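The next block holds one structure in the form of structure tokens; read it before the comments.
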Amino acid sequence: MRTTMTNHRSLLVPLFLLAFWISFIVFHNFTKDWTTLKWPDSLPHWNFMKKTLGTEEPLCSEISAAQTNPKIRKILEKLDKLIPPRPFTYVNTTTSATQSRATILNPRDTYCQGDQLDVLLEVKDHLGRRKKYGGDFLRARMSSPDLKAGASGKVTDFNNGTYLVSFTLFWEGQVSLSVLLMHPSEGASALWRARNQGYDRVIFTGQFISGNSKVNTDCALFLNTSAELCRYLDAEDQEAFYCVKPPHVSCAALTHMYSKNKEVSYLSQQERTLFERSNVGVEIMDKSNVIRVTKCNTKTVPVKEKCKPGMISTIPSGHVWKYTWNPVSCILTPVKMKDCLRGKFIYLMGDSTIRQWIEYFKKSINTLKSVDLHESGKLQHQLAVDLDRNINIQWQKHAYPLIGSLVYSVKEIEYIARAIDRTGGDKNTIIVISLGQHFRPFPLDVFIRRALNVHKAVQRLLVRSPDTVVIIKTENTREMNSDAERFSDFHGYIQYLVIKDIFQDLNVGIIDAWDITIAYGSNEVHPPQYVIGNQINIFLNYIC
């Protein structure tokens, strides 16, 4: 018996040593493999950590960020193919609206409501020569001003200098057709190249508290300087913003921010002539192209279902008639705002175009009262409540980059993804997100990264609380006289495509503000109240 126990003990020793050796090898290789995941060199501003203040990021954050980078590159590669380089040496060789020709295919004296009308565009340069490639940034719209009616048209680029513009004739009456040359293909190519070339078209000024005084320093998404920097890092998604560190002042003392346009351009002098106001949004269609539409079809119109999140968007997505929005794929039913919002917690997140919503709600519901959150300025966090109906509506701005010539507080600034992560969510929780306008002056990878990070946060929310309603409001069109290099609608359109591409796999509602504002012909970054009211009507139908 004693001999058997001794033999067992002698066997345990080598077995223990073998197990320890295997564990050490596995752990060593595991650590080696995971710690080799580093940031690629294709995104320079995320690598610029030299002389910055901040803590080391968790390993899982680096892995998450490394998984995001290939997605960013894939989207940028798709867009590079969509917007190929179009260098030019003379303005006369660029697309001319006046020289180009628009021809209505199969013209008739009278058209039937519901028919499709097609227009063939053949674009030419200023010397009257046929263009051999596409890429022009066009905007098609049909309208009947007397009826307060409008709708966008669908543009198909054949990439050979010809385009097909298709209009759905939604209403009866005299209808005017319009196709605007927003930018020639050479201009679109120049904007695309210039946008992705630099981060310094807008300069931010950060205000730090130092005793009883304020110290101002430069801030940006990327600062090419050897000075010591404060790095304000979202460790979860690896998004960062930088300020030059004031001497003898803590990085935590940053309290306010404002911005201004910087005298810098990545366009050549010749390219800049393409974006003078007289060359932006030039009509191609003959002004006499007014058609007559009558209600001659006797076909039975299929019954549409009520609008709800997750429905497939069409082009165009709807039309305006008597200032009222009518979707193509679904029907909007009358909704009593107060009853619909009863018991709801509504979180509006993003820029000032979604802030217009909370201002509209406060004007429309007299029992909705603002709560003083002890902040100041136009970009302050807003909260409005109706205690009797248990309505809670709040708006908060998105994080950097946040452009504003007026000073705004950054004490409470927060990335939208983090705000979503701290939201529990349920069937009475609605989140509306709007991103875009403040990202136009910066390389597109900044916007794509933000959209992907918001997508991941929404994904996590819908896993833990699948009854939560999430709605994405795309950005509005804006004024044509805006500084094109920074704020052209071409940049907005590209971001519009990105948002729709990224969120197509989630069960979220899309409010196509891009198409809606084209249909209304508002051309204002902050559209009139009747446009906002129709956006909100879609929202109410989604949630009630």
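All residue numbers in this chain count up from 1 along the given sequence. Since this is a predicted model, take the numbers as computed values, not measurements.
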Item to check | ring pair (Phe, Tyr, Trp, His ring centres under 6.0 Å) between Trp357 and Phe539, worked out | outcome: CA-CA 10 Å; Trp357 282 30; Phe539 163 78; 5.4 Å; yes

Item to check | Within residues 433-453 or reaching into it, pairs that qualify as ring-ring contact (aromatic ring centres under 6.0 Å, His included) - sequence neighbours excluded | outcome: His398-His438, His398-Phe439, Phe439-Phe447

Next on the checklist: Just by distance, no angles: are the side chains of Glu485 and Ser265 close enough, under 3.5 Å, to form a donor-acceptor pair?
Outcome noted: yes

Next on the checklist: Can you list everything that forms a ring-ring contact (aromatic ring centres under 6.0 Å, His included) with Tyr347? Sequence neighbours excluded, please.
Outcome noted: none

Checklist entry - For Cys230 and Cys243, what are the C-alpha separation, side-chain angles and deciding distance, and is it a disulfide bond (SG atoms under 2.5 Å apart)? => result CA-CA 5 Å; Cys230 293; Cys243 290; over 6 Å; no

Item to check | Side-chain H-bond candidate by donor/acceptor type, Gln382 with Gln394, under 3.5 Å | outcome: no

Checklist entry - How are the rings of Phe241 and Tyr400 set relative to one another: parallel (under 30°), tilted (30 to 60°) or perpendicular (over 60°)? => result parallel

Next on the checklist: For the residue pair Ser144 / Asp146, report whether a side-chain donor-acceptor contact shorter than 3.5 Å exists.
Outcome noted: no

Checklist entry - Hey, does the side chain of Glu479 reach the backbone of Asn481 with a donor-acceptor pair shorter than 3.5 angstrom? => result no

Checklist entry - Quick one: do the Ser488 and His183 side chains pair a donor with an acceptor below 3.5 Å? => result yes

Checklist entry - What orientation do Tyr496 and Trp514 show, parallel under 30°, tilted 30 to 60°, or perpendicular over 60°? => result parallel

Next on the checklist: Any donor-acceptor pair under 3.5 Å linking the side-chain atoms of Tyr520 with those of Asn534?
Outcome noted: yes

Checklist entry - Going by atom types alone, do Thr517 and Ser522 pair a side-chain donor with an acceptor below 3.5 Å? => result no

Next on the checklist: Test ring pair (Phe, Tyr, Trp, His ring centres under 6.0 Å) on Tyr408 and Tyr258; report intermediate values, then the result.
Outcome noted: CA-CA 6 Å; Tyr408 58 88; Tyr258 65 91; 8.7 Å; no

Checklist entry - Can you tell if the side chain of Phe137 reaches within under 4.5 Å of the side chain of Leu191, non-hydrogen atoms only? => result no

Next on the checklist: With a 3.5 Å distance limit and no angle check, can you tell me whether Asn196 reaches the backbone of Leu444 through a side-chain donor-acceptor pair?
Outcome noted: yes

Next on the checklist: Walk me through whether Glu524 and Arg478 qualify under salt bridge (Lys or Arg N to Asp or Glu O under 4.0 Å).
Outcome noted: CA-CA 4 Å; Glu524 298 174 51; Arg478 66 180 299 157; over 6 Å; no

Checklist entry - Is the closest basic N to carboxylate O distance between Glu77 and Arg73 below 4.0 Å? => result no

Checklist entry - Going by distance alone, is a donor N or O of one side chain under 3.5 Å from an acceptor N or O of the other, for Asn537 and Tyr542? => result no

Checklist entry - Without hydrogens or angle criteria, can the side chains of Asp125 and Gln99 be said to hold a donor-acceptor pair below 3.5 Å? => result no

Checklist entry - Going by atom types only, do Ser317 and Asp515 share a side-chain donor-acceptor pair under 3.5 Å? => result yes

Next on the checklist: Strictly distance-based, threshold 3.5 Å: is any side-chain N or O of Thr162 a donor or acceptor partner for the main-chain N or O of Phe158?
Outcome noted: no

Next on the checklist: Under a plain distance cut-off of 3.5 Å, with no hydrogens placed, do Lys397 and Gln380 share a side-chain donor-acceptor pair?
Outcome noted: no

Checklist entry - Do Glu412 and His381 have side-chain N/O donor and acceptor atoms under 3.5 Å apart? => result no

